Amino acid sequence: MAIEIDDWTCRFDFPDGWVDLTSAIELNSAEKAVWARETVNSFNPLDLVASRESIEKELISLARAAEKTHSVLAAAYFAVGGANYATFDVQIFGEDGVVLSLDEVESRLLGHKEIVGEPQASRVDLPAGPAVRLQAMYQSKGLLGFGKRLSESVSYGLLVPHSSDVLLATMTWSAMEHSDQLTAMADRLIPTLRHVPLDAEGNPIQEGGNPDA
């Protein structure tokens, strides 16, 4: 999966079980329905426990959520059987002339009003550069404002080289019984992040300075 934003792109290597939602974000309702149907058709029917219709509805809902949050990349992890265990999204923040430090990025992440309990913040060195890692529990309002919904996320905030942008990559889940497994999955996925510069025509530029063929 890849995203392109002005003069650079970023890539992640997603293992089996992940569904790319990015291509469905800008589709209209009818197109999202077709996309969801085709996506479910790509699943192994012998592995499915959940109904095809329920998975299609879940995919459409996830694509709409990614559209609402202006994610530039979004994906969903489906376990064997068809249950959606986690979502992953990338958002880009920044203002012209405003360059944030990692300390400021960490402060803003910790200032999220829905965080409950004790968040775990740390610094990590990724192949793509230094980053802030935050693991926290979040409590939000339920449907129509009734009840409360608890979720857990692992977020990584990175400063994009040669720009004032901040890349925020977040994996979120509410299946707390699988928290250890999903945390490990997030920590394996993030190091595959690669920033790739683009030429004037939007083609990825190789390290040697030549566009990819």
Side-chain angles (χ1 to χ4, degrees), residues 1-14 18 20-27 61-77 86-117 119-141 149 151-174 182-183 185-199 202 204-205:
M1 302 179 189
I3 56 173
E4 296 187 1
I5 306 169
D6 296 331
D7 59 350
W8 61 277
T9 186
C10 73
R11 294 193 174 103
F12 291 87
D13 297 329
F14 286 88
W18 285 93
D20 180 16
L21 304 174
T22 313
S23 60
I25 289 177
E26 296 185 358
L27 300 179
S61 176
L62 292 170
R64 286 174 175 166
E67 180 180 9
K68 184 177 180 180
T69 58
H70 304 289
S71 299
V72 294
L73 181 149
Y77 175 67
T87 58
F88 180 86
D89 68 83
V90 174
Q91 295 174 301
I92 304 298
F93 302 93
E95 299 178 19
D96 291 339
V98 179
V99 180
L100 297 179
S101 66
L102 283 181
D103 286 340
E104 291 170 315
V105 172
E106 179 178 335
S107 177
R108 295 191 183 196
L109 290 176
L110 288 170
H112 197 294
K113 65 180 181 180
E114 293 183 348
I115 289 180
V116 294
Q120 302 172 23
S122 60
R123 300 295 176 88
V124 294
D125 289 320
L126 300 174
V132 175
R133 180 189 184 277
L134 177 68
Q135 183 163 4
M137 304 286 287
Y138 298 82
Q139 187 172 274
S140 58
K141 293 182 179 180
R149 179 178 179 272
S151 63
E152 186 172 6
S153 293
V154 171
S155 298
Y156 284 80
L158 299 91
L159 307 181
V160 180
H162 313 298
S163 79
S164 59
D165 293 337
V166 175
L167 181 151
L168 181 63
T170 302
M171 183 165 156
T172 303
W173 61 88
S174 55
L182 297 172
T183 297
M185 183 182 296
D187 290 335
R188 288 193 302 268
L189 176 60
I190 295 296
T192 70
L193 165 65
R194 302 178 308 281
H195 291 119
V196 181
L198 304 175
D199 63 17
I205 300 173

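FYI, side chains are in, hydrogens and waters are out, and symmetry mates aren't considered; it's all heavy atoms of this structure. Worth saying up front: this structure is predicted, and the values here are computed from it rather than measured.
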Heavy-atom check, side chain of Phe93 versus side chain of Leu100, under 4.5 Å: no

Parallel, tilted or perpendicular, as decided by the 30° and 60° cut-offs, for the rings of Tyr77 and Trp18: tilted

Leu73 side, atom CG; Ile25 side, atom CD1 - distance, nearest 0.5 Å: 7.5 Å

Leu134 to Pro119 - nearest heavy-atom pair and separation: CD1-CB, 3.7 Å

Ala76 versus Leu62, closest heavy-atom pair with distance: CB-CD1, 3.7 Å

Val72 and its side-chain contact (heavy atoms from CB on, under 4.5 Å) partner, picked from Asp89, Ile92, Thr22: Ile92

Rounded distance (nearest 0.5 Å) linking atom CD1 of Ile115 with atom CG of Leu110: 6.0 Å

Donor-acceptor pair, side chain of Thr192 and main chain of Arg188, under 3.5 angstrom: no

Exercise: do Thr170 and Thr172 side chains pair donor with acceptor under 3.5 Å: no

Closest contact, heavy atoms only, Gln135 versus Arg133: OE1-NH2, 3.0 Å

Gap separating the CG atom of Leu21 from the CG atom of Leu27, nearest 0.5 angstrom: 11.0 Å

Contact check, side chains of Leu193 and Cys10, non-hydrogen atoms, under 4.5 Å: yes

Stepwise side chain to side chain contact (heavy atoms under 4.5 Å, CB included) check, Leu168 with Tyr156: CA-CA 6 Å; Leu168 181 63; Tyr156 284 80; over 6 Å; no

Minimum heavy-atom distance Glu104-Val99, with the two atoms named: OE1-O, 4.0 Å

Side chain to side chain, Met137 and Glu152, heavy atoms closer than 4.5 Å: yes

Non-neighbouring partners of Arg123 that pass salt bridge (charged side-chain N to carboxylate O under 4.0 Å, His left out), sequence neighbours left out: Asp103, Glu106

Working for side chain to side chain contact (heavy atoms under 4.5 Å, CB included), residues Ile190 and Phe88: CA-CA 10 Å; Ile190 295 296; Phe88 180 86; 3.8 Å; yes

Non-hydrogen atoms of Asp13 and Leu189 that approach each other most closely: O-CD1, 3.4 Å

Separation of Leu167 CG from Leu159 CG (nearest 0.5 Å): 10.0 Å

Backbone of Trp173 reached by a side-chain donor or acceptor of Ser151 within 3.5 Å: no

Where Ser71 and Thr69 come nearest, the two heavy atoms and their spacing: OG-OG1, 2.9 Å

Check: Arg108 and Val166 side chains under 4.5 Å, non-hydrogen atoms: no

